[in-house]
Amino acid sequence: TRARVTGLLTDPGGSIAGLKVLDRVGGAEIEARASKVIDATGVWLGDPDTRLGGSTMKLVPSRGTHLVFERERLPLKVGMTLRVPGRVLFVIPHPGVWLVGTTDVADDGAPDRPAPTTDEVDEILVSVNDVLEADLRREDAVGAFAGLRPLVGAPGGDTARVSREHIIHREDSGLVRVSGGKYTTYRLMARDAVDYALEGEGPMPQSQTAGIPLLGAAPRERLDRLADEIARDGGLDRERAGELVDRHGTRATEVVALGQEQDLLRPLADDRTELEAEVAWAVERELALSLDDVLSRRLRLSMSRRDRGESIAPRVAAIMGERLGWDTQRQATEVAQYLETARREYDVPGV
């Protein structure tokens, strides 16, 4: 976390021997030596300013945008996959909201903070309104967001026709690069990349990734029982207990215990089920260091609240500040910086 690769380490023969890394929190410069190095930097692989020596792979970054709508705005009980000319449109159930998208547009901008465009918003609205009797408008969306697909192919043309398969390539130095693919195939990509990097090293054990559950995962029946137990013994109502288990799985009991210990079992907002304890958990157990980490990447509130979380950001900053040593001025600065980026990334363009 917060470590940036600044260059490659090579042996006298030019073979890869590790990486030069900058600790952006403490400022230390580190030499991380390794016999095998895999570059899985996604769309950053195509950045001409890459610090990993350039690449022979030709990336075709493709931008996909989604709109976020409150549940009651769409009269649906389940998610949908809709065929529209040239692509597929998804209506995806998400806690408290629907995610509707996506687009497929070539993108040659900086990869750090992609943002939706008004044309993409209109494209999604036209597509969904042609299929559903919803009459959705820009003003109905509570948020919007965009991501970049690191597609590998020849630049130019229709990005929707570029393969979503991942590609693995070994540079002359021995550096292995993997790109393409999708988040939904990340385990397959990881298995293939590691197997490829270890080729020629003798007998290797078979990858176990396909059978390893995510942290906190359990059968639905067990999770439902756990939510009942938390509602009975943890001081939460059943709705809050159920959604807490949906977010944290079996670790929800540890989140509740932390909240009881630190008096943080209150909701962050009257209209939300997220707890103050989840902020402390994110800092103490999940290495969160900024409001963006918590509100955008842990609790996902940046995209699902019209105010981008402005009303709860000061309380989140106070909880984080107690654990990270932020004084009141630092907390105010963190809130201002967070809101600037959240509005740029998640506001609906044209509204």
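The main-chain N or O of Glu120 is found under 3.5 Å from a side-chain atom of Thr117 such that the two form a donor-acceptor pair.
For the pair Arg297 and Glu286, the salt-bridge criterion is not met [side-chain N within less than 4.0 Å of a carboxylate O]. Remark: Asp228 engages Arg238 in a salt bridge, criterion side-chain N to carboxylate O under 4.0 Å. With respect to the salt-bridge test (charged N to carboxylate O, under 4.0 angstrom), the residues Arg308 and Glu345 do not qualify. Remark: Asp347 does not engage Arg343 in a salt bridge, criterion side-chain N to carboxylate O under 4.0 Å. For Asp122 and Arg137, the salt-bridge test fails: no basic side-chain N is under 4.0 Å from an acidic carboxylate O. Look at Arg305 and Glu310 and you find no salt bridge, because none of the NZ, NE, NH1 or NH2 atoms lies under 4.0 Å from a carboxylate O. Between Arg330 and Glu334 there is a salt bridge, since at least one side-chain N of the basic residue sits less than 4.0 Å from a carboxylate O of the acidic one. A salt bridge is defined here as a Lys NZ or Arg NE, NH1 or NH2 lying under 4.0 Å from an Asp or Glu carboxylate O, and Asp104 with Arg63 fails to meet this definition. Using a 4.0 Å cut-off between charged nitrogen and carboxylate oxygen, Arg240 and Glu274 do not count as a salt-bridge pair. Salt bridge absent: Arg298 and Glu278 never bring a charged side-chain N and a carboxylate O closer than 4.0 Å.
For Arg24, the CZ atom sits in a loose shell: 12 or fewer heavy atoms of surrounding residues, nucleotides or ligands are nearer than 6.0 Å. Within 6.0 Å of atom CD in Glu29, 12 or fewer heavy atoms from other residues, nucleotides or ligands are found, so the atom counts as exposed in its surroundings. Atom CZ of Arg2 sits in a crowded spot, with more than 12 heavy atoms from other residues, nucleotides or ligands closer than 6.0 Å. The environment of Glu201 atom CD is dense: over 12 non-hydrogen atoms of other residues, nucleotides or ligands sit within 6.0 angstrom.
The residue from Leu275, Thr253, Thr273 that alone fulfils the side-chain contact (heavy atoms from CB on, under 4.5 Å) condition with Leu244 is Leu275. Exactly one residue among Val255, Val256, Leu226 makes a side-chain contact (heavy atoms from CB on, under 4.5 Å) with His248. That residue is Val255.
Under a cutoff of 6.0 Å and an axis angle of 45°, Arg73 and Trp98 do not form a cation-pi pair.
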| task | Could you please spell out the steps behind the side chain to side chain contact (heavy atoms under 4.5 Å, CB included) verdict for Met189 and Ser179? | result | CA-CA 9 Å; Met189 294 172 66; Ser179 196; over 6 Å; no
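Using a 4.5 Å heavy-atom cutoff, the side chains of Val100 and Leu74 are in contact.
A single hydrophobic cluster is not seen to contain both Trp44 and Tyr183; linkage of ILVMFWY side chains at heavy-atom distances under 4.5 Å, directly or through other members, places them apart.
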